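Note that the coordinates shown come from a computational prediction; the quantities given were computed from them, not determined experimentally. Naming: A, B, ... by sequence-line order, numbering from 1 per chain. Side chains included, hydrogens not; waters and symmetry mates left out as well; all remaining heavy atoms used.
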2 protein chains.
Amino acid sequence: MNIDVCYTPELIHQFDVSDKTVVVIDVLRATSCMVAGLGSGVASITPVASVEECEALGAQGYVMAGERNGEKLPQFHLGNSPFDYMEKSLKGQKIATTTTNGTRALYLSKDAPEVIIGAFLNLKAVVNHLSKSKRDILLFCAGWKGKYNLEDSLFAGAVLDGLKKQAEFDSDAATAAFYLYQSMGKDPYYFISRSNHAKRLSKFGILKDIEYCSRCNEFDVVPKLKNGELVV
Amino acid sequence: MNIDVCYTPELIHQFDVSDKTVVVIDVLRATSCMVAGLGSGVASITPVASVEECEALGAQGYVMAGERNGEKLPQFHLGNSPFDYMEKSLKGQKIATTTTNGTRALYLSKDAPEVIIGAFLNLKAVVNHLSKSKRDILLFCAGWKGKYNLEDSLFAGAVLDGLKKQAEFDSDAATAAFYLYQSMGKDPYYFISRSNHAKRLSKFGILKDIEYCSRCNEFDVVPKLKNGELVV
């Protein structure tokens, strides 16, 4: 199997996802929240593009979650913190969520035969799952408003590092992500906390989210997209 | 001054070039050729988008140069090898050139107040020039057909490394290029020869071009775009 990396949604047209397993990556914080929630007993998470769609699902009994530019929307039950998603009261509940970057990357992956969710929180589970894949793989970084970002690229490098014995990666994007991880991977928190996104988030006083999203292997789950909702 | 990195022409809309010095980078091989030619006494190099425009300048006495997909066009005098550009007979001549990636990046930089040409061949000259800049700087990688590429990103990292004491760089793209260079920069030829582009070029039997384009500081020139032509 071959693995490639797409650094931002604005480059996804360069890749054919129709025969690949796509790993959607939005470390700060959408995919970390999804892993934390589904790893803590949430029944399903339905990603939607707009606030209106989220509210429509809210009217059907879904817990509404999400952010715009890093901030919780006032009418929503949950923001975009992994701690929000781990609340005991959410066990067995369905969540509808809309976020700035992660939701867009999920939408753009919809033609792939398999879409899974990756974050440092489930790194080992993702690597184990992919190591058994018969398909080629695309690691799809959600980026930030279309721009390259450090934390998602670093996670892509971590996955490549975990699969280096089983898989080929010969694209320049994958090679660069692999070497980025070699130079930064010893201490993801150090580098992630210095990323542009972390600096933006720290204005909202959520350093504990950044620290938590940099932790590896807190959950042994691989959320998958099935009929528009994420489940494990 | 602040420095940022644009990894491919398909992301250039994310940057405002109107107040910046833009360094156009196409290590394999357009900007290496430009540095080699202008460093060897060529009078000027005029980058044009199409084969037809190149031929129109050829009719006015310009030496025609360029490639499509790495191969010289049969009606042209020169291909896209730095050795072509260093021929003694070209001293004082004007060259018109069209290439797959480099020309596009130059065209997309046209609104910037200053556009210069960077390659490993003139790395130190570029760093020295930029260290005196009063403007912010964008390192603009030509990429390969819109995709991220290793050799241009590595050169961007080399420039950042050279300017780390004088300049700020806080974007994730710049941070990643800087760390990529930390992990690969000791031996650019080793990594560049393993890049996708080098593998494509090696099919044309031009490994000596790749080796030459990986050399640092062969020329102490900084080609600049002035009224549509590159001069030193």
Side-chain angles (χ1 to χ4, degrees), chain A residues 2 4-16 27-28 101 139 141-157 161 168-188 190-202, chain B residues 2 4-15 27-28 101 138-139 141-157 161 168-188 190-202:
Chain A
N2 187 283
D4 208 342
V5 177
C6 177
Y7 282 132
T8 106
E10 299 205 4
L11 298 177
I12 192 66
H13 60 279
Q14 298 175 346
F15 301 87
D16 176 10
V27 169
L28 293 177
N101 306 296
L139 307 176
C141 302
W144 187 74
K145 293 190 176 178
K147 286 200 163 193
Y148 175 97
N149 88 18
L150 206 54
E151 63 277 11
D152 297 344
S153 307
L154 191 61
F155 178 78
D161 189 67
E168 282 172 30
F169 49 95
D170 57 6
S171 81
D172 283 4
T175 302
F178 177 80
Y179 280 97
L180 187 73
Y181 182 73
Q182 303 313 310
S183 97
M184 293 188 166
K186 297 264 157 55
D187 187 356
Y190 176 85
F191 289 101
I192 292 174
S193 63
R194 277 151 187 78
S195 72
N196 294 164
H197 203 138
K199 284 177 199 158
R200 280 186 295 270
L201 288 177
S202 66
Chain B
N2 188 283
D4 208 342
V5 178
C6 176
Y7 282 131
T8 106
E10 299 206 4
L11 299 176
I12 192 66
H13 60 279
Q14 297 175 347
F15 301 87
V27 169
L28 293 178
N101 306 297
L138 182 66
L139 306 177
C141 302
W144 187 75
K145 294 190 175 178
K147 286 199 163 193
Y148 176 96
N149 88 20
L150 205 54
E151 64 276 11
D152 297 344
S153 308
L154 191 60
F155 178 78
D161 188 67
E168 281 174 29
F169 49 94
D170 57 6
S171 81
D172 283 4
T175 303
F178 177 80
Y179 280 96
L180 187 73
Y181 182 74
Q182 303 313 309
S183 97
M184 293 188 166
K186 296 264 157 56
D187 187 358
Y190 176 86
F191 289 102
I192 292 175
S193 63
R194 277 150 187 80
S195 72
N196 295 164
H197 202 139
K199 285 177 198 157
R200 279 187 295 271
L201 288 178
S202 66

> Calculate, to the nearest 0.5 Å, the distance between atoms OH and CG belonging to A/Y179 and B/L150 respectively.
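Between atom OH of A/Y179 and atom CG of B/L150 there are 9.0 Å.
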> How about B/Y148 and A/Y148: are their ring centroids closer than 6.0 Å?
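No, too far apart.
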> Pick from B/H13, B/K145, B/Q182, B/K147: which one has the most heavy-atom pairs with chain A under 4.5 Å?
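Of B/H13, B/K145, B/Q182, B/K147, B/K147 has the most heavy-atom pairs under 4.5 Å with chain A.
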> Atom CH2 of A/W144 and atom CG of B/D172: how far apart are they, to the nearest 0.5 Å?
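Output value for this atom pair is 10.0 Å.
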> Can you say whether B/F15 sits under 4.5 Å from chain A via the side chain, the backbone, both, or neither, judging by heavy atoms?
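For B/F15, the side chain is the part near chain A, not the backbone.
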> Heavy-atom pairs under 4.5 Å with chain A: which of B/T8, B/V5, B/D170 has the most?
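The answer is B/D170.
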> Identify which part of B/Q14 has an atom lying under 4.5 Å from any heavy atom of chain A, answering side chain, backbone, both or neither.
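Contact with chain A: backbone and side chain both.
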> Between A/S171 and chain B, with a heavy-atom cut-off of 4.5 Å, which part of the residue counts as in contact: side chain, backbone, both or neither?
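Both parts, heavy atoms under 4.5 Å.
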> Go through the atoms of B/S195 and report whether side chain, backbone, both or neither lie under 4.5 Å from a heavy atom of chain A.
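Its backbone and side chain both get close to chain A.
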> Identify which part of A/Y181 has an atom lying under 4.5 Å from any heavy atom of chain B, answering side chain, backbone, both or neither.
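Neither part, no heavy atoms under 4.5 Å.
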